[in-house]
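For reference, the structure is listed below as structure tokens.
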Amino acid sequence: PRMPLRDPMRDPMRDPLRESGPAAGPVRVTAESGPWPLHGSAAAKALEAQALAGRAAGELMEHAGLAVARLARALAPSAGLVEIWCGPGNNGGAGYVAARRLHQSGTPVRVRECGVPERLPTDAAQARQRALEAGVAPWSPTQAAGNATARPDLVIDALLWLGTSRAPEGMLADAIGRIQASGALV
């Protein structure tokens with residue numbers, strides 16, 4: 001059977017951010033193409049600040065979320081369920097973007113929220129709102145309804161990033177434990 005033609009402009013895995021900038025081409029990261037530097041927290045924060053310079057609000061988050069969604073599709077192309085754990089900061093915002101993109105591409109998603117939506121940073125709150133508008137239904141980690149207990153094929157950890165300065169506690173520690181116990185590819 002013939003595949004129906006899709007409008008590339010409506011493809012949820014399309015990267016309009018890359019299309020608007022100079023075409024550098026893909027970079028294939030392998031052990032043989034390295035060595036690849038490891039960055040400490042300060043260096044990673046400096047790289048992030050450099051990447052954010054001159055960009056519109058939320059643009060880097062949109063790009064990161066799309067990259068995560070693409071990686072998820074590459075790692076588990078036939079996943080029956082992808083579970084995304086979204087934290088209380090901008091890393092959680094990138095998780096919402098990934099959830100939206102995966103959902104729009106037809107991949108079933110379950111989003112677990114580990115933060116208070118009203119306290120999200122502006123960009124993350126906007127990413128969450130766009131995910132809701134696209135039909136993604138976030139759940140709290142303790143909510144048990146619908147497919148809440150179905151085992152995911154892939155888990156995306158969008159809980160914490162560079163701002164972490166101490167061991168996770170409470171809901172975040174519980175979320176990390178649940179992710180580790182899920183038995184799914186993370």
Side-chain angles (χ1 to χ4, degrees), residues 3-4 6-18 26-29 58-117 120-121 123-162 164 168 170-186:
M3 294 293 292
R6 290 189 343 185
D7 179 357
M9 298 306 283
R10 297 179 52 85
D11 182 355
M13 295 298 166
R14 179 178 151 261
D15 187 355
L17 301 175
R18 195 172 288 282
V27 175
R28 185 157 182 85
V29 177
E59 185 177 338
L60 191 60
M61 182 179 295
E62 186 69 29
H63 191 62
L66 174 59
V68 169
R70 286 178 167 174
L71 179 60
R73 293 283 302 266
L75 290 173
S78 58
L81 177 64
V82 175
E83 184 171 77
I84 302 105
W85 288 77
C86 295
N90 284 332
N91 204 38
Y96 289 116
V97 172
R100 174 175 51 89
R101 295 294 190 127
L102 288 166
H103 175 74
Q104 289 173 328
S105 73
T107 301
V109 298
R110 175 173 58 211
V111 172
R112 300 285 193 166
E113 295 186 311
C114 293
V116 178
L120 288 170
D123 291 347
Q126 290 171 349
R128 181 182 184 275
Q129 184 59 39
R130 284 192 293 277
L132 292 173
E133 290 168 0
V136 174
W139 303 17
S140 76
T142 57
Q143 185 176 356
N147 72 347
T149 58
R151 184 183 179 278
D153 298 301
L154 178 70
V155 173
I156 296 172
D157 174 352
L159 292 172
L160 302 167
W161 199 56
L162 294 175
T164 306
M171 186 183 291
L172 288 171
D174 182 58
I176 292 168
R178 287 178 181 227
I179 290 169
Q180 291 172 336
S182 72
L185 177 64
V186 179

Result of checking Leu120, Val111, Asp157 against Cys86 for side chain to side chain contact (heavy atoms under 4.5 Å, CB included) =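 Among Leu120, Val111, Asp157, the one meeting side chain to side chain contact (heavy atoms under 4.5 Å, CB included) with Cys86 is Val111.
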Compare all side-chain heavy atoms of [X] with those of [Y] and state whether any distance is below 4.5 angstrom.
X	Y	value
Leu159	Ile179	yes
Ile156	Leu102	yes
Pro88	Leu172	yes

Kindly give the heavy-atom pair with the smallest separation between [X] and [Y], and that separation in Å.
X	Y	result
Met171	Gly115	SD-N, 4.3 Å
Cys114	Ala175	SG-CB, 3.6 Å
Ala64	Ala94	CB-CB, 4.3 Å
His103	Val136	CB-CG2, 3.7 Å
Gly89	Ala124	O-CB, 3.6 Å
Asn90	Met61	OD1-CE, 3.3 Å

Rounded distance (nearest 0.5 Å) linking atom [atom1] of [X] with atom [atom2] of [Y]:
X	Y	atom1	atom2	answer
Arg178	Ser182	CZ	OG	11.5 Å
Arg100	Glu62	CZ	CD	4.0 Å
Ile84	Arg110	CD1	CZ	9.5 Å

Look only at the side chain of Arg128 and the backbone of Pro138, and say whether a donor-acceptor pair between them is shorter than 3.5 Å.
->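 Checking the backbone N and O of Pro138 against the side chain of Arg128, no donor-acceptor pair under 3.5 Å is found.
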Donor-acceptor contact below 3.5 Å, side chain Trp85 vs main chain Glu83 =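 Judged by distance alone, no pair lies under 3.5 Å.
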Is the closest side-chain donor-acceptor distance between Gln126 and Tyr96 under 3.5 Å?
->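 Judged by distance alone, the side chains do not pair up.
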